[in-house]
Chemist: 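One structure, pasted below without further comment.
Here the structure is a predicted model, which is why all the values come from computation and not from measurement. We number each residue from 1, following the sequence as shown.
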Amino acid sequence: MVPGTRPGVISGRVAGLLPPEVQVVAPAANAPYTAAGAEVLRQRGIMALPDFVCNAGAVIGYRAARDATPGQILAAVDARVSELIAGVMGHPDGPLAGACAQAAEFLRGWWGEPPAPPFAPSV
């Protein structure tokens, strides 16, 4: 499933109502999950991919070499996003929790204690 709507659209209720055929949520919008929604997805065995990785293409592309072709930029974005997702797939609480933990560790290295994971507020 690819949610591309407002923040918090994957609430606990919505996550519980997803059809059993849904195996992966790959967000195309920022902060699609509430904390309850992410937990229900985890309990149901549905992979919740991190929105801040899935949506990182523009940032990754911005850092490309000045003489890179569009094809080279797209290939670099695909490779980096795939690498980041693959690196968190084995986390015991799922890829979203793994990416949050990895991001927190990165931020501690130069910023101090990071903020809470990027969940949308429950409505």
Chemist: Which Ile, Leu, Val, Met, Phe, Trp or Tyr residues join Trp110 in one cluster when any pair of side-chain heavy atoms under 4.5 Å counts as a link?
Modeler: Phe106, Leu107, Trp111

Chemist: Minimum heavy-atom separation for Gly98 to Val88, with atom names?
Modeler: C-CG1, 3.6 Å

Chemist: Does atom CZ of Arg63 have more than 12 heavy-atom neighbours, drawn from other residues, nucleotides or ligands, at distances under 6.0 Å?
Modeler: no

Chemist: Who else is in the cluster with Leu17 when I, L, V, M, F, W and Y are joined by side-chain contacts under 4.5 Å?
Modeler: none

Chemist: Between Val24 and Val53, is there shared hydrophobic-cluster membership here, with clusters defined by ILVMFWY side-chain heavy atoms closer than 4.5 Å?
Modeler: yes

Chemist: Indicate the atoms forming the closest heavy-atom contact of Ser122 with Thr34, along with that distance.
Modeler: OG-CB, 3.9 Å

Chemist: Please give me the minimum heavy-atom distance between Pro27 and Asn55, naming the atom from each residue.
Modeler: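 That would be O-OD1, 3.4 Å.
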
Chemist: When you look at CD of Gln23, are more than 12 heavy atoms from neighbouring residues, nucleotides or ligands closer to it than 6.0 Å?
Modeler: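 Check fails, neighbour count at 12 or below.
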
Chemist: Over all heavy atoms of both residues, which pair between Leu18 and Met1 is shortest? Give the atoms and the distance, please.
Modeler: CD2-SD, 3.5 Å

Chemist: With a 4.5 Å cut-off on side-chain heavy atoms, are His91 and Gln102 touching?
Modeler: no

Chemist: Under a single-linkage definition using a 4.5 Å side-chain heavy-atom cutoff for Ile, Leu, Val, Met, Phe, Trp and Tyr, are Ile10 and Val22 assigned to the same hydrophobic cluster?
Modeler: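 Linked within one cluster.
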
Chemist: Which atom pair, heavy atoms only, marks the closest approach of Leu96 to Tyr33?
Modeler: CD2-CD1, 3.7 Å

Chemist: Apply salt bridge (Lys or Arg N to Asp or Glu O under 4.0 Å) to Arg108 and list each qualifying residue two or more places apart in sequence or on a separate chain.
Modeler: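 Salt bridge (Lys or Arg N to Asp or Glu O under 4.0 Å) check on Arg108 returns Glu105, Glu113.
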
